[in-house]
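One structure below.
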Amino acid sequence: MNKKLTKDIYSQDAVTAAKELLGKVLVRRFEDGTEIRAVITETEAYHGEEDLGCHASKGRTPRTDVMYWEGGHVYVYLIYGMYWLLNIVTGPKDHPQAVLIRGTDLAPGPGRTGKLLKLDKSFYGEDLLTSNRIWIEEGEKNDIKHTTAPRIGIEYAGPEWSQKPWRFTLND
DNA sequence: TCACGGATTCGT
DNA sequence: CGAATCCGTGAT
C-alpha cells in the first residue's frame, strides 16, 4: 500500500486515465507535515484541441500551456474568481488533454476539492511524480466499477461535445 | 488597456 | 435564480 502511481497511468489518453483514476488516493501534504488522503470518486476527461469543451480548444496560451506537457503534471486554474479546479495532465507531449478531478470522498464537487486541498496558482505545472506536497497513490480496491454521464457546465461546446459520456463516477 | 464571462457554490 | 469574485483571453 501507500504506493505512488507511476508514469504509465498518466501517459494514457485522458478518457482512459479518467476511468483508472477513480478509486485512487489523492494525497496532499501540507507544510506542517499533516496529510490529507482523499479517494477520487468523480472525474471528467478533456481531450485535445478538437474538444470544444477543453480549454486547449483555444490553442496554446499561457493558461493552457501545461496541457501540452507530458502526462503527470498538474493543471490548476481559477474559475468564477473563487475556486481552484484540479486537473491531471495526461498523454504524450504536445497532445493537450487532462482529467478534471470532480470530487473525492472528502469533498463532493471540483470547487470544494480545490478548497479542501488548499490549491492555488503555485500548483500550476506541479509534477505528481516528484512533488512532496501533492501526489496520487494506489487505492484499496481493485474491482472498480463506474457510471458514465455527460460532462457538466460546457453547454457552450455544442451538443456533439457536451453530450459525450466523459464524466465518470465511482459506484458505491 | 479594457471588457467579458467561466469545467462552481451557496444563499434566497 | 442570482450574487460572489478574479484573471486569462480576445478585442480596441
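Only this structure's heavy atoms are used, side chains among them; waters, hydrogens and symmetry mates stay out. Chain A is the first sequence line, chain B the second, and so forth, proteins listed ahead of strands; every chain is numbered from 1. Nothing here was measured: the structure is a model prediction, and the numbers come from that model.
- Side-chain proximity of A:Leu100 to B:dA7, C:dT9, B:dT9: nearest is B:dA7.
- The structure places CG of A:Leu170 at 5.5 Å from CD1 of A:Ile144, a figure rounded to the nearest 0.5 Å.
- Proximity of residues 70-88 of chain A to DNA chain C (heavy atom under 4.0 angstrom from any strand atom) is restricted to A:Leu78, A:Tyr80, A:Gly81, A:Met82.
- Sorted by residue number, the members of residues 114-124 of chain A with any non-hydrogen atom under 4.0 Å from DNA chain C read A:Lys121.
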Result block: side-chain N/O donor-acceptor pairs under 3.5 angstrom for residues 82-92 of chain A, not counting sequence neighbours:
unit_1: A:Asn87; atom_1: ND2; unit_2: A:Tyr75; atom_2: O; d: 3.2
unit_1: A:Asn87; atom_1: ND2; unit_2: A:Leu85; atom_2: O; d: 3.4
unit_1: A:Thr90; atom_1: OG1; unit_2: A:Gln12; atom_2: O; d: 3.4
unit_1: A:Thr90; atom_1: OG1; unit_2: A:Ala14; atom_2: N; d: 3.2

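- A salt bridge does not link A:Asp105 to A:Arg37: none of the charged side-chain nitrogens sits closer than 4.0 Å to a carboxylate oxygen.
- Nucleotides C:dC7 and B:dC10, compared at atom C1', are 22 Å apart to the nearest Å.
- Relative orientation of the A:His47 and A:Trp166 rings is tilted, given thresholds of 30° and 60° on the angle between their planes.
- Atoms CG and CG, from A:Leu21 and A:Leu100 in turn, are 11.5 Å apart once rounded to the nearest 0.5 Å.
- Rounded to the nearest Å, the gap between the P atom of C:dT5 and that of B:dC2 is 23 Å.
- In this entry the distance linking CD of A:Glu155 with P of B:dT8 reads 11 Å, nearest Å.
- For the atom pair CG of A:Leu119 and OG1 of A:Thr113, the computed distance is 9.0 Å after rounding to the nearest 0.5 Å.
- The ring-ring contact (aromatic ring centres under 6.0 Å, His included) analysis of residues 129-153 of chain A, with sequence neighbours excluded, yields the pairs A:His146-A:Phe168.
- Pairs of Watson-Crick or G-U wobble type, with distances under 3.5 Å, assemble into runs of 3 or more in DNA chain B at these ranges: B:1-6 with C:6-11, B:8-11 with C:1-4.
- If you measure from atom CG of A:Asp65 to atom C1' of C:dG8, you get 13 Å, rounded to the nearest angstrom.
- Salt bridge annotation for A:Glu44-A:Arg151: absent, with no cationic side-chain nitrogen under 4.0 angstrom from a carboxylate oxygen.
- The CD atom of A:Glu44 sits 12 Å away from the C1' atom of B:dT8 (whole-angstrom rounding).
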Show your working on side chain to side chain contact (heavy atoms under 4.5 Å, CB included) between A:Tyr68 and A:Glu49 and close with a plain yes or no. CA-CA 10 Å; A:Tyr68 291 76; A:Glu49 293 182 344; 2.4 Å; yes

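- Screening A:Glu126, A:Arg28, A:Arg29 for a side-chain hydrogen bond (donor to acceptor under 3.5 Å, both in side chains) with A:Ser131, the sole residue that qualifies is A:Glu126.
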Apply side chain to side chain contact (heavy atoms under 4.5 Å, CB included) to the pair A:Lys24 and A:Glu138, showing each step before the final yes or no. CA-CA 5 Å; A:Lys24 298 295 187 288; A:Glu138 292 289 350; 3.4 Å; yes

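- Of the residues in residues 48-60 of chain A, A:Lys58 come within less than 4.0 Å of DNA chain C through at least one heavy atom, sorted by number.
- Phosphate contact (OP1/OP2 of B:dC10, side-chain N/O of A:Arg112, threshold under 4.0 Å): present.
- Linking ILVMFWY side-chain heavy atoms closer than 4.5 Å, directly or via other members, places A:Ile152 and A:Leu52 in two distinct hydrophobic clusters.
- No salt bridge links A:Glu70 with A:Lys93; every basic N to acidic carboxylate O contact stays at or beyond 4.0 Å.
- Atoms CZ (A:Arg63) and P (B:dG6) sit 11 Å apart, rounded to a whole Å.
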